[in-house]
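First the structure, in the form of C-alpha cells, and then the observations on it.
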Amino acid sequence: MRMDGRVALITGASSGIGRATALALAGEGAAVLLFALPGAELEAAADACRAIGAGAEAHAGDVGDPSAVAAAFDLAERHFGPVDAVFNNAGISVVAPIADTTDAAWERLLRTNLTGSFNVAREAARRMIPARSGAIVSTASELALGGEAGYVAYSATKGAVLSMTRALAAELAPHGIRVNAVCPGVTDTPLMEADYAAAADPELARAEGEHSIALRRMGRPEEIARVVVFLLSDDASYVTGAGYVVDGGRTGCLPGGGLMPGAGV
C-alpha cells in the first residue's frame with residue numbers, strides 16, 4: 001500500500017492509461033479524483049475505483065480551462081484533503097502530414113496536450129508549495145524523443161511537455177516537490193486504436209507498429225500505470241526531472257535483424 005493516506009488527482013482518467021493509473025493508485029491505498037471530459041466512461045472509472053474500496057470522486061471538465069482545473073483540486077480537497085500526487089495525463093492525438101494539419105487541429109493539440117498540462121502543473125504547484133511536498137508525473141511520449149511521419153504537431157506538444165517537466169523539476173525541488181514524466185510507446189488504448197483506424201490499412205499499420213517494438217507487442221495501460229505509481233510513491237524519493245521511457249524497447253533497440261542466431265524472428 002505505497003500510496004496509503006495519499007490523495008491523487010488523475011487527468012484523462014476515463015480510459016486508457018489514465019483509467020489504469022487511477023485503479024492502480026486506488027489499489028495502493030490512495031483516495032483518487034478522476035478528472036476527464038464528461039461522459040459515462042468517467043463515472044464508470046470512478047465506480048471501478050470505489051469497487052476496490054478506495055475513496056473516489058469524478059470531476060468532468062476540460063484541462064484547457066484553468067477554472068475547471070482549480071475546481072478539480074478544490075473538489076479533491078473537500079472530499080479527501082490536499083492533493084499530494086498528480087498524474088498529469090490528459091491528451092489527444094492528431095495524425096496528419098504537416099501540410100494537411102489544419103489550424104483547428106493544431107490549436108486542439110496545443111490546448112489539451114500543452115496548455116492543459118501547464119494548467120494542471122501550475123495548479124498543483126500552487127497547492128503543493130505551501131505544503132513543501134508532493135509529486136507530479138506528466139505524460140509525454142516516446143515521440144518526445146524521436147520523430148515519426150504524421151506526428152509533427154503531436155510530437156511538438158509532447159516534446160514541450162518533457163521540457164516543461166525538467167524545468168519544473170528544477171524549480172520545485174527546493175520546495176520538496178518531485179516532477180517526472182513517463183514517455184509511453186505504442187500502448188493498447190482507445191487513442192492508439194483511433195490512430196490505427198485512421199490509417200489507409202489499419203491492420204498493416206498495427207502489424208508494422210508491433211514489428212518496430214523490441215518486445216514485438218503493444219504495451220498494456222496497466223504496464224504504464226505501474227511506472228507512474230512508482231514515480232508518485234516514496235519508492236522514487238530520489239527521482240526528479242526524469243523522463244521514463246516505457247515503450248518495449250522501441251526507441252532504445254534496433255528493430256529486427258542483428259547477428260545473433262534467431263534475431264528478428
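We use all heavy atoms of the structure for the numbers below, so side chains are in, but hydrogens, waters and symmetry mates are not. Residue indices begin at 1 and follow the sequence shown.
- Within the 4.5 Å cutoff, side-chain heavy atoms of Leu25 are placed close to those of Leu232.
- Using a 4.0 Å cut-off between a side-chain N of Lys or Arg and a carboxylate O of Asp or Glu, Glu148 and Arg250 qualify as a salt bridge.
- Within the model, atoms NE2 of His211 and CG of Leu204 stand 11.5 Å from one another, a figure rounded to the nearest 0.5 Å.
- Rounded to the nearest 0.5 Å, atoms OG1 (Thr112) and CD (Glu107) are 11.0 Å apart.
- Under a hydrophobic clustering in which Ile, Leu, Val, Met, Phe, Trp and Tyr are joined whenever their side-chain heavy atoms come within less than 4.5 Å, directly or via other members, Met3 and Val239 fall into the same cluster.
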Kindly determine whether Arg111 and Asp62 satisfy salt bridge (charged side-chain N to carboxylate O under 4.0 Å, His left out), including the steps that lead there.
-> CA-CA 9 Å; Arg111 177 180 173 85; Asp62 178 0; 2.8 Å; yes
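- Applying the 6.0 Å contact sphere to CD1 of Ile98 captures no more than 12 heavy atoms from other residues, nucleotides or ligands.
- Results of the side-chain hydrogen bond (donor to acceptor under 3.5 Å, both in side chains) test with Ser138 over Asn89, Asn180, Asn88 single out Asn88 as the only residue that passes.
- Residues Ala68 and Phe35 share a closest heavy-atom pair of O-CZ, 3.8 Å.
- Tyr154 has its side chain within reach of Ser141: a pair of non-hydrogen atoms, C-beta onward, lies under 4.5 Å apart.
- Each of Ile136 and Phe118 belongs to its own hydrophobic cluster when Ile, Leu, Val, Met, Phe, Trp and Tyr are linked at side-chain heavy-atom distances under 4.5 angstrom.
- Between the CD atom in Glu57 and the NE2 atom in His59 there is a gap of 11.5 Å [rounded to 0.5 Å].
- Considering all non-hydrogen atoms of both residues, Ile177 and Ile129 come closest at CD1-N, 3.7 Å.
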Applying side-chain contact (heavy atoms from CB on, under 4.5 Å), run through Thr21 and Ile224 and close with a yes or a no.
-> CA-CA 8 Å; Thr21 303; Ile224 316 300; 5.9 Å; no
For the pair Arg127 and Glu77, evaluate salt bridge (charged side-chain N to carboxylate O under 4.0 Å, His left out) and give the outcome as yes or no after the intermediate values.
-> CA-CA 10 Å; Arg127 311 281 176 131; Glu77 288 184 5; 3.0 Å; yes
Can you check salt bridge (charged side-chain N to carboxylate O under 4.0 Å, His left out) on Arg220 and Asp188, steps first, answer last?
-> CA-CA 6 Å; Arg220 297 185 294 271; Asp188 191 7; over 6 Å; no
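- Of the charged side-chain nitrogens involved, none lies within less than 4.0 Å of a carboxylate oxygen, so that Glu210 and Arg216 do not count as a salt-bridged pair.
- Cluster membership for Val186 and Leu215, using ILVMFWY side-chain heavy atoms within less than 4.5 angstrom, is shared.
- Residues Gly241 and Arg166 come closest through the heavy atom pair O-CG, 3.8 Å.
- With a 4.5 Å cut-off on side-chain heavy atoms, Phe73 and Pro82 do not count as touching.
- Connection of Ile92 to Trp106 is not established within any shared hydrophobic cluster, with ILVMFWY side chains joined at heavy-atom distances below 4.5 Å, either directly or through further cluster members.
- Looking at every heavy atom in both residues, Ser117 comes nearest to Val161 through OG-CG2, 4.0 Å.
- Here Glu223 pairs with Arg217 in a salt bridge; the nearest charged N to carboxylate O distance falls below 4.0 Å.
- Between Val7 and Leu9 the shortest side-chain heavy-atom distance does not fall below 4.5 Å.
- Screening Leu109, Asn113, Leu114 for a side chain to side chain contact (heavy atoms under 4.5 Å, CB included) involving Lys158 leaves a single residue, Asn113.
- Within 6.0 Å of atom CD in Glu171, 12 or fewer heavy atoms from other residues, nucleotides or ligands are found, so the atom counts as exposed in its surroundings.
- For the atom pair Leu231 CG and Arg178 CZ, the distance stands at 7.0 Å (nearest 0.5 Å).
- Contact record, Val69 with Val120: CG1-CA, 3.9 Å, taken as the closest heavy-atom pair.
- With rounding to the nearest 0.5 angstrom, the CE atom of Met128 is 6.5 Å from the CG atom of Asp84.
- Note on Phe87 and Val229: same hydrophobic cluster, where clusters join Ile, Leu, Val, Met, Phe, Trp and Tyr whose side-chain heavy atoms are under 4.5 Å apart, directly or indirectly.
- The main-chain N or O of Asp247 is never found under 3.5 Å from a side-chain atom of Thr251 such that the two would form a donor-acceptor pair.
- Between Pro66 and Glu123, every side-chain heavy-atom pair lies at or beyond the 4.5 Å cut-off.
- One finds no salt bridge joining Arg108 and Asp103 here, because no Lys/Arg side-chain nitrogen approaches an Asp/Glu carboxylate oxygen to under 4.0 Å.
- Under a 3.5 Å cut-off, the side chain of Thr187 and the backbone N or O of Gly185 do form a donor-acceptor pair.
- Here the side chain of Arg132 pairs a donor or acceptor atom with the backbone of Pro174 at under 3.5 angstrom.
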Which is it for Arg19 and Ser14 under the side-chain contact (heavy atoms from CB on, under 4.5 Å) test, yes or no, and what are the steps along the way?
-> CA-CA 5 Å; Arg19 185 182 193 277; Ser14 60; over 6 Å; no
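- Looking at every heavy atom in both residues, Ala181 comes nearest to Leu162 through CB-CD1, 4.0 Å.
- Looking at Arg50, its side chain does come within 3.5 Å of a backbone N or O of Ala56 through a donor-acceptor pair.
- Side-chain N or O atoms of Thr240 include one that pairs as donor or acceptor with a backbone N or O of Val179 at under 3.5 Å.
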Worked verdict on Leu33 versus Ile10 for side-chain contact (heavy atoms from CB on, under 4.5 Å) | CA-CA 6 Å; Leu33 190 290; Ile10 305 98; over 6 Å; no
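- Going from atom OG of Ser133 over to atom CZ of Arg6 covers 7.5 Å, rounded to the nearest 0.5 Å.
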Going through the checks in order, is the side-chain contact (heavy atoms from CB on, under 4.5 Å) test met by Thr102 and Val94?
-> CA-CA 10 Å; Thr102 64; Val94 173; over 6 Å; no
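- At a threshold of 4.5 Å between non-hydrogen side-chain atoms, the residues Pro184 and Ile17 count as touching.
- Among the candidates Asp235, Val137, Val182, the single residue satisfying the side chain to side chain contact (heavy atoms under 4.5 Å, CB included) test with Phe230 is Asp235.
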